[in-house]
Amino acid sequence: MKIDILTLFPEAFAPLKISILARAEESGLLEINLINIRDFSKDKHKKCDDYPFGGGAGMLMTVQPLFDAINSVYNKDAKIIFPSPIGKTFTAKKSEELSKYDHLIFVCGHYEGVDERIFELFDIEQISIGDYVLTGGELPSMVIIDSLARFVDGVISKESLESESFSNGLLEYPQYTRPQTFQGLSVPEVLVSGNHQEVEKWRKEQSLKRTKELRSDLLED
Ligand code: 4FM
């Protein structure tokens with residue numbers, strides 16, 4: 001999968017260049033390109049923001065650099081995403097759906113907004129990561145990319161994906177590793193019993209118990 005990220009702050013994306021995503025890029029499963037929107041400004045000072053018509057607080061990103069930056073990476077099969085609080089809320093289902101594309105383009109807004117005409121010039125899906133406001137689309141782009149990359153074939157094991165929270169509509173069960181006792185606290189006996197059927201049964205029960213206690217909304221339908 002190719003992911004193009006259009007941003008005024010490419011240096012903000014260092015977190016995508018470590019750990020699992022770094023390995024996914026090295027192995028050729030993922031290609032993440034950072035494109036500086038400022039490089040496309042036709043203004044003599046490379047300006048990419050301006051005051052809103054009609055007045056109001058703050059600055060907006062101007063449409064020309066955004067338009068040219070998108071066109072520099074665009075092809076008709078690409079999906080364009082603009083993280084924004086006005087979008088539908090991001091979920092594991094949406095994450096898996098996005099992971100099936102061969103080419104994603106993330107457009108990161110910053111400041112108080114972008115000129116609305118960019119949404120008339122391209123088919124862009126706005127996606128929110130939650131009901132709160134951030135200073136730009138950089139962090140939510142990273143959240144969405146980190147999450148969907150895990151669903152790209154080969155990035156992590158199928159078993160890891162299937163055992164985690166939301167994969168079966170439930171929260172993940174509690175997990176333990178060595179040492180078997182720490183500060184007087186022991187690992188649940190069933191997990192060291194060697195009885196795989198009992199382990200599976202316990203994990204299912206724990207998942208259901210946790211979901212009831214912490215996220216009963218997930219059990220509603
Ligand atoms: C987005 C600031 C666009 C400026 C933002 C522009 C957000 C969220 C968010 C801030 N994005 N979920 N919540 N973005 O707050 O996705 Cl131009």
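All ligand and atom numbering here is 1-based and tracks the order in the structure.
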Original post:
If you measure from each non-hydrogen atom of Asp131 to ligand 1, which part falls under 4.0 Å: side chain, backbone, both or neither?
Top reply: neither
**OP:** Give the contacting part of Met61 toward ligand 1: side chain, backbone, both or neither, where contact means a heavy-atom distance below 4.0 Å.
**Re:** neither
Check whether any N or O atom of [X], backbone or side chain, sits under 3.5 Å from an N or O atom of ligand 1, and answer yes or no.
X: Val114; answer: no
X: Tyr132; answer: yes
X: Phe82; answer: no

As an exercise, identify every atom of ligand 1 less than 4.0 angstrom from a heavy atom of [X].
X: Ile127; result: 16 (O)
X: Gly113; result: 17 (Cl)
X: Gly130; result: 13 (N)
X: Val133; result: 15 (O)
X: Gly136; result: 2 (C), 5 (C), 10 (C), 14 (N)
X: Tyr111; result: 2 (C), 4 (C)

Original post:
Are Met61 and Ile80 in one and the same hydrophobic cluster, where Ile, Leu, Val, Met, Phe, Trp and Tyr link if side-chain heavy atoms are under 4.5 Å apart?
Top reply: yes
Just by distance, do the side chain of [X] and the backbone of [Y] share a donor-acceptor pair under 3.5 Å?
X: Glu198; Y: Ser193; answer: no
X: Arg150; Y: Leu161; answer: no
X: Ser165; Y: Glu172; answer: yes

Give me the nearest non-hydrogen protein atom to [atom] as residue plus atom name, then the distance to 0.1 Å.
atom: atom 11 (N) of ligand 1; result: Ser84 N, 3.2 Å
atom: atom 1 (C) of ligand 1; result: Pro83 O, 3.7 Å
atom: atom 12 (N) of ligand 1; result: Ile129 N, 2.9 Å
atom: atom 15 (O) of ligand 1; result: Leu134 N, 2.8 Å

Original post:
What pairs with Tyr74 under ring pair (Phe, Tyr, Trp, His ring centres under 6.0 Å), at least two apart in sequence or on another chain?
Top reply: Phe122
Original post:
Under a 4.5 Å cut-off applied to non-hydrogen side-chain atoms, are Phe40 and Cys48 in contact?
Top reply: no
Subject >> Close side-chain approach of Phe90 and Leu98, heavy atoms under 4.5 Å >> reply: yes
Subject >> salt bridge (Lys or Arg N to Asp or Glu O under 4.0 Å) assessment of Lys79 paired with Glu97 >> reply: CA-CA 11 Å; Lys79 168 100 172 159; Glu97 178 190 315; 5.4 Å; no
**OP:** Determine the minimum heavy-atom distance between Leu171 and Ser207, stating which atoms define it.
**Re:** O-OG, 2.9 Å
Subject >> Euclidean distance, Ser95 OG relative to Ile127 CD1, rounded to 0.5 Å >> reply: 9.5 Å
